[in-house]
Amino acid sequence: MSKLIPEPTISKAPTLSLSPARRAWLRFKRNRLGYWSLLAFCLLVGLSLMAELISNDRPLLLRYQGQTYFPMLKDYPEKTFGGDFDTATDFLDPFIRERLAQDGNWALFAPNPYGPKTLNYFAKAPNPSPPTADNWLGTDDRGRDLLAQLIYGFRVSVLFALALTFTGTLLGIITGALQGFFGGKTDLAFQRFIEIWGSMPELYLLIIFSAVFSPSLGLLLILLSLFGWMGLSDYVRAEFLRNRQLDYVRAARSLGVSNWHIITRHLLPNSLTPVVTFLPFRMSGAILALTSLDFLGLGVPPGTPSLGELLSQGKNNIDAWWISLATFAVLVITLLLLTFMGDALRDALDPRKAEQ
């Protein structure tokens, strides 16, 4: 009798040959909630970066009496379109709309024909007005379109959060790396400085500086960055203290490799797990910080689209439920997406799942 030849088994070697970053990305994709949250957040950020094409009180393209105009890029006096004044054209004016609707003339408006500072002088209800066919989410107490405020306010919050996360992360990596690598007196001096600096009343300093200097996003970014690096530096310091005792670091020292190359080429790439894991949560904290300061009147300059300022309007106008509801929904969705992304990153970078 002939012996049965067993079927060849499929080897899993190609999976094991993937780089650690590739395997972490595959584990991240397996977390469907985190992966789709990343796609949804990137989509929202991309749409907000194109806010001028989505919500704008100026036509994107205009054809009038045989000539083509680009009002989104250039101001045109009202006389250009049959008006009486040399001031910039108000394209929401019914007279201008009538002129543009004549034969041979046309204008391509954004889907939401309102900008972040546009006042709807022709609203049929007093401000703040509820949602209508003209203002899909209603207006605030100044007559500005709420949808435009949310789109531009979301963009300001996300870009500010990205900038604050980048600066805080960079400072935290530098200080934590120096503490953990050199240790000894360097570590002791940094720890005492962090204890003293961390006891400074951050909110009082913001109040003082907002009274001395004119409010701006740059000033707010600098002040928050001065305090936002301390939480992350502790994790980087702990990673460096652990990794600097490993054999590959000792071997590099014995070969005469400089401290700079040991830090940048050996220790830093193996100490970035807590940094990457905390990025979404740091962005959430930055968005909440800006919103809270705007709510208190210590954030962005007046007139800048702001989620915190809309929450303040909702508090002052309890009957205008649409202001608080829409702003709260934007904040909750944004923070939930970032939280799901952070959870997925944490699971993807978990060393206990490195072999999966």
For the student: nearest non-hydrogen atoms of Thr339 and Leu335, plus distance: OG1-O, 2.7 Å
Interatomic spacing from CZ in Phe41 to CD1 in Ile333 - rounded to 0.5 Å: 12.5 Å
Residue pair Phe227 / Leu223: nearest heavy atoms and the distance that separates them: CD1-O, 3.3 Å
Heavy-atom neighbours of Arg242 CZ exceed 12 at 6.0 Å: yes
Polar side-chain atom of Thr89 near backbone of Tyr76 as donor-acceptor pair, under 3.5 Å: yes
same_hphob_cluster(Tyr64, Leu92) at 4.5 Å side-chain heavy-atom cutoff: no
Any donor-acceptor N/O pair, Thr186 side chain to Phe182 backbone, under 3.5 Å: no
4.5 Å side-chain heavy-atom contact, Thr304 and Pro301: yes
Closest non-hydrogen atom pair, Ala125 against Pro130: CB-CD, 4.4 Å
Validation row: Leu205, Glu202 side chains within 4.5 angstrom (heavy atoms): no
Side-chain donor/acceptor of Asn31 to backbone N/O of Arg27, under 3.5 Å: no
Co-membership, hydrophobic cluster, residues Val330 and Leu337, 4.5 Å side-chain: yes
Glu309/Arg142 ion pair, N-O < 4.0 Å: yes
Inter-residue atom distance Thr175.OG1 - Phe190.CZ, 0.5 Å rounding: 6.5 Å
Test item: Ser55 side-chain N/O and Ala51 main-chain N/O as donor-acceptor pair under 3.5 Å: no
Co-membership, hydrophobic cluster, residues Phe213 and Leu224, 4.5 Å side-chain: yes
Parallel, tilted or perpendicular: ring planes of Tyr35 versus Phe28, cut at 30 and 60 degrees: perpendicular
Thr118 side-chain N/O to Gly115 backbone N/O, donor-acceptor pair under 3.5 Å: yes
Pairwise distance CD1(Ile287) to OG(Ser284) - rounded to 0.5 angstrom: 6.0 Å
Close side-chain approach of Pro113 and Asp57, heavy atoms under 4.5 Å: no
Salt bridge flag under 4.0 Å for residues Arg58 and Asp75: yes
Verdict with supporting geometry, Thr68 and Leu62, side chain to side chain contact (heavy atoms under 4.5 Å, CB included): CA-CA 6 Å; Thr68 304; Leu62 177 63; over 6 Å; no
Steps toward salt bridge (charged side-chain N to carboxylate O under 4.0 Å, His left out) verdict (Arg155, Glu52): CA-CA 11 Å; Arg155 181 172 70 177; Glu52 286 77 10; 3.0 Å; yes
Rounded distance (nearest 0.5 Å) linking atom CG of Asp294 with atom CG of Leu310: 9.5 Å
Test: Asp343 and Arg346 ion pair at under 4.0 Å: yes
Within one Ile-Leu-Val-Met-Phe-Trp-Tyr cluster: Tyr114 and Leu100, side-chain cutoff 4.5 Å: no
Validation row: Asn259, Phe181 side chains within 4.5 angstrom (heavy atoms): yes
Nearest non-hydrogen partners of Ile151 and Ser48, listed with the distance: O-CB, 4.2 Å
Check: Thr139 side chain, Ser129 main-chain N or O, donor-acceptor pair, under 3.5 Å: yes
Asp141 versus Asn127, side-chain donor and acceptor atoms under 3.5 Å: no
Non-hydrogen atoms of Leu119 and Arg144 that approach each other most closely: CD2-CG, 3.5 Å
From OG (Ser306) to CG (Leu290), nearest 0.5 Å: 6.0 Å
More than 12 heavy atoms from other groups under 6.0 Å of OH on Tyr248: yes
Distance, nearest 0.5 Å, that separates CD1 of Ile263 from CD1 of Ile174: 11.0 Å
Donor-acceptor under 3.5 Å (Ser324 side chain, Trp321 main chain): no
Candidate pair Val249 and Leu267, rule side chain to side chain contact (heavy atoms under 4.5 Å, CB included), full reasoning: CA-CA 8 Å; Val249 177; Leu267 287 176; 3.7 Å; yes
Identify all side-chain donor-acceptor contacts of residues 250-258 below 3.5 Å with residues at least two apart in sequence or on another chain.
{"residue": "Arg250", "atom": "NE", "partner": "Gln245", "partner atom": "O", "Å": "3.3"}
{"residue": "Arg250", "atom": "NH2", "partner": "Gln245", "partner atom": "OE1", "Å": "3.4"}
{"residue": "Ser254", "atom": "OG", "partner": "Arg250", "partner atom": "O", "Å": "3.4"}
{"residue": "Ser254", "atom": "OG", "partner": "Ala251", "partner atom": "O", "Å": "2.7"}
{"residue": "Ser258", "atom": "OG", "partner": "His261", "partner atom": "N", "Å": "3.4"}
{"residue": "Ser258", "atom": "OG", "partner": "His261", "partner atom": "ND1", "Å": "2.7"}

pair Leu39-Leu43: side-chain heavy atoms closer than 4.5 Å: no
Whether Trp197 and Phe193 hold their rings parallel, tilted or perpendicular, with breakpoints at 30° and 60°: parallel
Residue pair Asn56, Met72: steps toward the side chain to side chain contact (heavy atoms under 4.5 Å, CB included) verdict: CA-CA 8 Å; Asn56 202 329; Met72 193 178 68; 3.4 Å; yes
Lys/Arg N to Asp/Glu carboxylate O, Asp84 vs Lys79, below 4.0 Å: no
Modelled atom types, side-chain donor and acceptor of Asn120 and Asn135, under 3.5 Å: yes
Heavy-atom neighbours of Trp36 CH2 exceed 12 at 6.0 Å: no
Short N-O contact, Arg237 and Asp187, less than 4.0 angstrom: yes
Min side-chain heavy-atom separation Leu159-Leu217 under 4.5 Å: no
Derivation and outcome, side chain to side chain contact (heavy atoms under 4.5 Å, CB included), residues Leu331 and Thr291: CA-CA 9 Å; Leu331 279 175; Thr291 304; 3.9 Å; yes
Heavy-atom pair with the smallest gap, counting every atom of Arg99 and Asn105: O-ND2, 3.3 Å
Exam field: side chain Gln149 to backbone Pro116, donor-acceptor pair closer than 3.5 Å: yes
Thr169 (side chain) donor-acceptor with Phe166 (main chain) under 3.5 angstrom: no
Lys NZ or Arg CZ of Arg97 over Phe109 ring: under 6.0 Å, within 45°: yes
Within-4.5 Å side-chain heavy-atom neighbours: Trp322 and Leu137: no
Side chains of Val275 and Leu272 in contact at under 4.5 Å (non-hydrogen atoms): yes
ILVMFWY network linking Leu44 to Phe340, side-chain heavy atoms under 4.5 angstrom: no
Residue Tyr235 excluded, over 12 heavy atoms near OH under 6.0 Å: no
